[in-house]
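Both backbone and side-chain heavy atoms feed into the values below; hydrogens, waters and symmetry mates do not.
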Amino acid sequence: MLSFNHLLSLSTYFLHRLGNILDTSSVPFYNPSLGAGSMLINAGDGLGEPLNLIISGLSTPAVLTNVGIINYARAIGFSEECFNIHLGGLMSANLGDGNGWVNQTYELRQDYDNAGIGTCLESLVGGNHFRVFRQNGRSANSGALFLAVSQEEPAAENHDPVPDGYDIGRNNLVAAAVGITSFDGITYTTTARNITGLLPPGSVGINHGIAQDGVVTLLTVTIVSN
């Protein structure tokens with residue numbers, strides 16, 4: 001039998017779904033688990049990597065577009081992969097929005113202060129990177145971007161996460177993002193809030209057996225000038 005709290009959570013979720021039909025920007029995100037989704041992306045072999053950062057659906061809408069997230073990423077020290085060449089497999093996520101398991105939209109890498117070719121250095125020596133997934137299905141259309149962030153080893157180590165790499169990657173990205181940043185004439189202000197309860201802490205089911213602290217950071221990004 002479902003508990004009262006579980007029933008209340010489900011009721012809230014379905015009310016949000018109804019409201020979402022009328023206003024797709026009314027919530028920062030929907031909890032994927034309430035729509036049979038997961039806060040772990042599919043890394044293969046029954047393991048996952050944590051969606052440990054969310055860019056809020058209440059951010060300036062232009063930030064949440066494909067072009068917008070790339071420009072924002074460049075403002076905080078990330079860019080597209082080296083010569084747009086992706087090595088390795090794509091990973092997928094189920095954000096509980098009715099779309100099921102969907103491949104990553106982008107994989108963006110630390111650019112070492114050179115948005116043109118800096119990610120080639122990251123591919124070689126390692127650094128921070130993140131995969132982007134958009135919550136936009138009909139049943140939970142927040143528009144939020146869910147990010148799987150991790151600090152990774154050099155190519156010689158197969159780009160595996162460093163020890164504590166999920167938490168380190170998230171924390172480094174947040175440190176770069178919070179406050180005022182800019183790129184290509186667009187200035188952003190970003191605030192952060194840590195959320196617990198979405199992602200169980202520990203290493204159970206986590207790729208490479210690397211424990212993570214269960215914290216998901218919610219970023220709200222506002223364009224202040226362009």
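Here the closest non-hydrogen pair linking Ala36 and Asn94 is O-ND2, 3.4 Å. The heavy-atom pair separating Gly96 from Ala140 by the smallest distance is O-CB, 3.8 Å. Residue Ala144 comes nearest to Gly57 through the heavy atom pair CB-N, 3.8 Å, listed as atom of the first residue, atom of the second, then distance. Closest approach of Ser38 and Leu40 over heavy atoms only: OG-N, 3.0 Å. Among all heavy-atom pairs drawn from Ser139 and Gly98, the shortest one is OG-N, 3.1 Å.
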Residues Asn194, Thr217; criterion side-chain hydrogen bond (donor to acceptor under 3.5 Å, both in side chains); working and verdict: CA-CA 4 Å; Asn194 287 338; Thr217 300; 2.7 Å; yes
CA sep, side-chain torsions, deciding dist, call: Ile41, Gln104, side-chain contact (heavy atoms from CB on, under 4.5 Å): CA-CA 9 Å; Ile41 66 176; Gln104 62 201 50; over 6 Å; no
side-chain contact (heavy atoms from CB on, under 4.5 Å) evaluation trace for Phe133 with Leu95: CA-CA 8 Å; Phe133 304 87; Leu95 300 181; 4.0 Å; yes
Check against side-chain hydrogen bond (donor to acceptor under 3.5 Å, both in side chains), Asp97 and Gln135: CA-CA 6 Å; Asp97 58 3; Gln135 189 178 55; 5.6 Å; no
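Between the side chain of Gln110 and the main chain of Phe78, no donor-acceptor pair closer than 3.5 Å is present. Distance alone, capped at 3.5 Å, places no donor-acceptor pair between the Gln151 side chain and the His129 backbone. Side-chain atoms of Ser79 do not come within 3.5 Å of backbone N or O of Arg74 as any donor-acceptor pair. Checked by atom type and distance alone, the side chain of Asn171 pairs as donor or acceptor with a backbone atom of Asp167 at under 3.5 Å.
In the hydrophobic clustering, where aliphatic and aromatic side chains (Ile, Leu, Val, Met, Phe, Trp, Tyr) are joined below 4.5 Å either directly or transitively, Val102 stands alone.
The hydrophobic cluster containing Leu34 does not contain Phe29, counting ILVMFWY residues as joined when their side-chain heavy atoms lie under 4.5 angstrom apart, directly or transitively. When hydrophobic clusters are built by joining Ile, Leu, Val, Met, Phe, Trp and Tyr residues whose side-chain heavy atoms come closer than 4.5 Å, directly or via intermediates, Val178 is grouped together with Leu53. Criterion: ILVMFWY side-chain heavy atoms under 4.5 Å apart, direct or through other members. Under it, Ile55 and Leu198 are not part of a common hydrophobic cluster. Two different hydrophobic clusters hold Val149 and Ile206 under the rule that ILVMFWY side chains link at heavy-atom gaps under 4.5 Å.
Looking at heavy atoms from C-beta onward, Pro32 lies in side-chain contact with Phe146 at the 4.5 angstrom threshold. Inter-residue side-chain proximity for Leu51 and Val216 is flagged as unmet; no heavy-atom pair is nearer than 4.5 Å. Proximity of Asn42 to Trp101: side-chain heavy atoms (C-beta onward) are separated by under 4.5 Å at one or more points. Residues Ile195 and Arg193 meet the side-chain proximity criterion, which asks for heavy atoms closer than 4.5 Å. For the pair Leu145 and Ile54, the minimum side-chain heavy-atom distance is 4.5 Å or more. Between Leu219 and Leu173, some side-chain heavy-atom pair lies under the 4.5 Å cut-off. A heavy-atom distance below 4.5 Å is found between the side chains of Gln212 and Leu199. Between Val215 and Tyr166, the closest side-chain pair of non-hydrogen atoms is not below 4.5 Å.
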Donor-acceptor pairs are to be reported for all side-chain atoms of residues 58-72 against protein atoms at under 3.5 Å, with residues two or more places apart or in another chain.
{"residue": "Ser59", "atom": "OG", "partner": "Ser56", "partner atom": "O", "Å": "2.9"}
{"residue": "Ser59", "atom": "OG", "partner": "Val221", "partner atom": "N", "Å": "3.0"}
{"residue": "Thr60", "atom": "OG1", "partner": "Ile223", "partner atom": "N", "Å": "3.0"}
{"residue": "Thr65", "atom": "OG1", "partner": "Ala62", "partner atom": "O", "Å": "2.9"}
{"residue": "Thr65", "atom": "OG1", "partner": "Gly68", "partner atom": "N", "Å": "2.9"}
{"residue": "Asn66", "atom": "OD1", "partner": "Arg134", "partner atom": "NH1", "Å": "3.1"}
{"residue": "Asn66", "atom": "OD1", "partner": "Arg134", "partner atom": "NH2", "Å": "2.9"}
{"residue": "Asn71", "atom": "ND2", "partner": "Phe183", "partner atom": "O", "Å": "3.2"}
{"residue": "Asn71", "atom": "ND2", "partner": "Tyr188", "partner atom": "OH", "Å": "2.7"}
{"residue": "Tyr72", "atom": "OH", "partner": "Thr190", "partner atom": "OG1", "Å": "2.8"}

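Thr189 and Thr222 are not linked by any side-chain donor-acceptor pair at a separation below 3.5 angstrom, with hydrogens and angles left out of the test.
Remark: Leu108 CG to Leu147 CG distance equals 8.0 Å, nearest 0.5 Å. Here the straight-line distance linking atom OG of Ser150 with atom CZ of Phe130 works out to 11.5 Å at 0.5 Å rounding. Note that the CG atom of Asn103 and the CE atom of Met91 stand 11.0 Å from one another [nearest 0.5 Å]. To the nearest 0.5 Å, atoms OG (Ser92) and CG (Asn99) are separated by 12.5 Å. The structure places OG of Ser142 at 7.0 Å from OH of Tyr30, a figure rounded to the nearest 0.5 Å. Atom CD1 of Ile186 and atom OG of Ser225 lie 9.0 Å apart (nearest 0.5 Å).
With respect to the salt-bridge test (charged N to carboxylate O, under 4.0 angstrom), the residues Arg109 and Glu152 qualify.
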